[in-house]
Amino acid sequence: MAGDALFAQARTHVQKGEHEQAFACYVQAADADHPAAMIETARMAMHGVGAPQDIGRALTWLAAAEQRGHPAAAYHLAWLGAGGTALPFDGTLQARLLAAANGGHPSAMLALAVYFGHKAAPEDQQRSIALLDQAAQAGHAVAAALLAERLARGEGTAADPAAAAQLHAQLAAAGHPRLPEVPGDAGLAWPGAPAVLELADVLSVPAVSQRADAPRVWTIDGLLSADECRLLIAHSLPRLKRSRAVDPRTGAPREVALRTSSDATHDPMLEDVAIRLVQARMAAAAGVPLAHAERLTVLRYLPGEQYRPHRDYLPPGSPETDRPDAGNRLRTICVYLNHVAAGGATAFPHAELEIAPKAGRAVVFDNLHADGRPDPDSLHAGLPVDAGEKWLATLWIRQRPYRAL
């Protein structure tokens, strides 16, 4: 059977949820030199879908497709590099992301748009707008949402309310609600020469402000830009569900009265490079490699919703059910993503400290003592939202590597 026919048969199996059969067909098509099949086979092997996880084999298929000039192959290799585990976070990642964008890959364009949007020079802002527009025209809904917010507010370009309204109407018709208010000055602008791409900027962290010693708490203003805050919200909106917490008796997640928010935990298979780069900087701000982080969780609190006093370290028995080699939750980093009309501060009762929400502001704190013992003074709470809504991105950081990708 020819490669195209095998590829089509594999897609039919995917639609039916027959992942093992789909993987087998993709492998046959890849062996028949079908570049798109190479990429799908690699993605399934990377994430262990339809077959055991095999990152080495995935890299081989992606490299073969990249040699054939397939932009999606360069993009997925860049995705791996952004994680800094299977591939290094280096200049090769940058070159591959550029190759994917130049080849018309909309998610690569989005990642570069978000990067250039973090720089202050007018030409960088114009480049960001142009890339968002190209990605939106290619059908990327998140890029369209970011572009609409910039056009509505005149960020990096002249305000164009009519064009913004048209984009918002198109997004609403496709089931994408309007994003909450995120001020355009949420993030601190990166230094560096205009019109220069240097992805090492992604790992740069603004000044740290120590807020408490027991527990150890610090804040970082301007860690994420407005584009990055909107990016996380836009990706999370369709995936929101009622938040859960770890049951102290069983170690399993369950709905609890003390936590009344909604959240979206990001599946790595659905993450794009832009989301991965944001997480890389969050991990850098927490002082650890991204490999130590659990999956990204983005939370939304509506008026009256809160997270009552709790501790983030895992109860006895819980780590044994979820990557026991990674240990307990050493540290937490949370970043506020939007403007909150009233309420929603993060409180640390033992330190008599409350940190007010501000878009782009990170709150970082230790859950364990230096010797690895749980620190009960790390008790904290998300105070009730009094007006508006609060969006928050969270990474829980383990003592040792948690991620394979």
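In this chain, residues are counted from 1 in sequence order.
Looking at Arg150 and Asp227, a side-chain N of the basic residue comes within less than 4.0 Å of a carboxylate O on the acidic one, giving a salt bridge. Salt bridge Arg68/Asp33: present, at least one basic N to carboxylate O contact under 4.0 Å. By the 4.0 Å N-to-carboxylate-O rule, Arg153 lies too far from Glu181 to be salt-bridged with it. With respect to Arg300 and Glu305, no salt bridge is recorded, no charged nitrogen being found less than 4.0 Å from a carboxylate O. Classification of Arg178 and Glu149 as a salt-bridged pair holds, one side-chain N sitting under 4.0 Å from a carboxylate O.
Exactly one of Phe365, Tyr313, Tyr307 qualifies for a ring pair (Phe, Tyr, Trp, His ring centres under 6.0 Å) with His380. That residue is Phe365. Looking at Arg403, Glu294, Arg331 one by one, the single match for side-chain contact (heavy atoms from CB on, under 4.5 Å) with Arg398 turns out to be Glu294.
With rounding to the nearest 0.5 angstrom, the OG1 atom of Thr297 is 8.0 Å from the NE2 atom of His266.
Classified by interplanar angle (parallel below 30°, tilted 30° to 60°, perpendicular above 60°), the ring pair His235/His140 is perpendicular. In this pair, His105 and His76 present their aromatic rings perpendicular. The plane angle is above 60°, beyond the 30 to 60° band. Between His47 and Trp79, the ring planes are perpendicular. Angles over 60° get that label, and only those under 30° would be called parallel.
With a 4.5 Å cut-off on side-chain heavy atoms, Leu132 and Phe116 do not count as touching. Side-chain atoms of His118 and Arg281, non-hydrogen and from C-beta on, do get closer than 4.5 Å to each other. A heavy-atom distance below 4.5 Å is not found between the side chains of Val49 and Phe23. Within the 4.5 Å cutoff, side-chain heavy atoms of Arg96 are placed close to those of Glu66. Side-chain contact check for Leu146 versus Leu110: some heavy-atom pair is nearer than 4.5 Å. Between Leu337 and Ile233, some side-chain heavy-atom pair lies under the 4.5 Å cut-off. Between Leu87 and Leu59, the closest side-chain pair of non-hydrogen atoms falls below 4.5 Å. The shortest distance between side-chain heavy atoms of Arg127 and Leu112 does not fall below 4.5 Å.
Pairing each heavy atom of Cys229 with each of Tyr336, the nearest pair is SG-O, 4.0 Å. Taking every heavy atom of both residues into account, Ala351 and Ala214 meet most closely at CB-O, 4.0 Å. Nearest heavy atoms, Asn338 versus Glu389: ND2-O, 2.8 Å. Considering all non-hydrogen atoms of both residues, Arg400 and Pro324 come closest at NH2-O, 4.2 Å. Smallest separation of non-hydrogen atoms from Ala189 and Ala120: CB-CB, 3.8 Å. Taking each heavy atom of Ala78 and Leu97 in turn, the nearest pair found is CB-N, 4.0 Å.
Counting heavy atoms of neighbouring residues, nucleotides and ligands inside a 6.0 Å radius, atom CZ of Arg311 exceeds 12 of them. Around the CD atom of Glu123, the shell of radius 6.0 Å holds more than 12 heavy atoms that belong to other residues, nucleotides or ligands.
The closest donor-acceptor contact from the side chain of Arg230 to the backbone of Pro180 lies at 3.5 Å or more, if one exists at all. Under a 3.5 Å cut-off, the side chain of Thr12 and the backbone N or O of Ala8 do form a donor-acceptor pair. Side-chain N or O atoms of Asp124 include one that pairs as donor or acceptor with a backbone N or O of Ala195 at under 3.5 Å.
Under 3.5 Å, the side chains of Glu271 and Gln279 contain a donor-acceptor pair of N or O atoms. With 3.5 Å as the limit, one finds a donor-acceptor pair spanning the side chains of Asp322 and Tyr402. Side chains of Gln28 and His34: no donor on one and acceptor on the other come within 3.5 Å. When only modelled atom types and interatomic distance are considered, Glu18 and His13 share a side-chain donor-acceptor pair under 3.5 Å. Under the 3.5 Å distance criterion, with hydrogens and angles disregarded, no donor-acceptor pair is assigned to the side chains of Ser378 and Asp366. A donor atom on one side chain and an acceptor atom on the other are found under 3.5 Å apart for Trp396 and Asp312. No donor-acceptor contact under 3.5 angstrom links the side chains of His369 and Arg216, judged on distance only.
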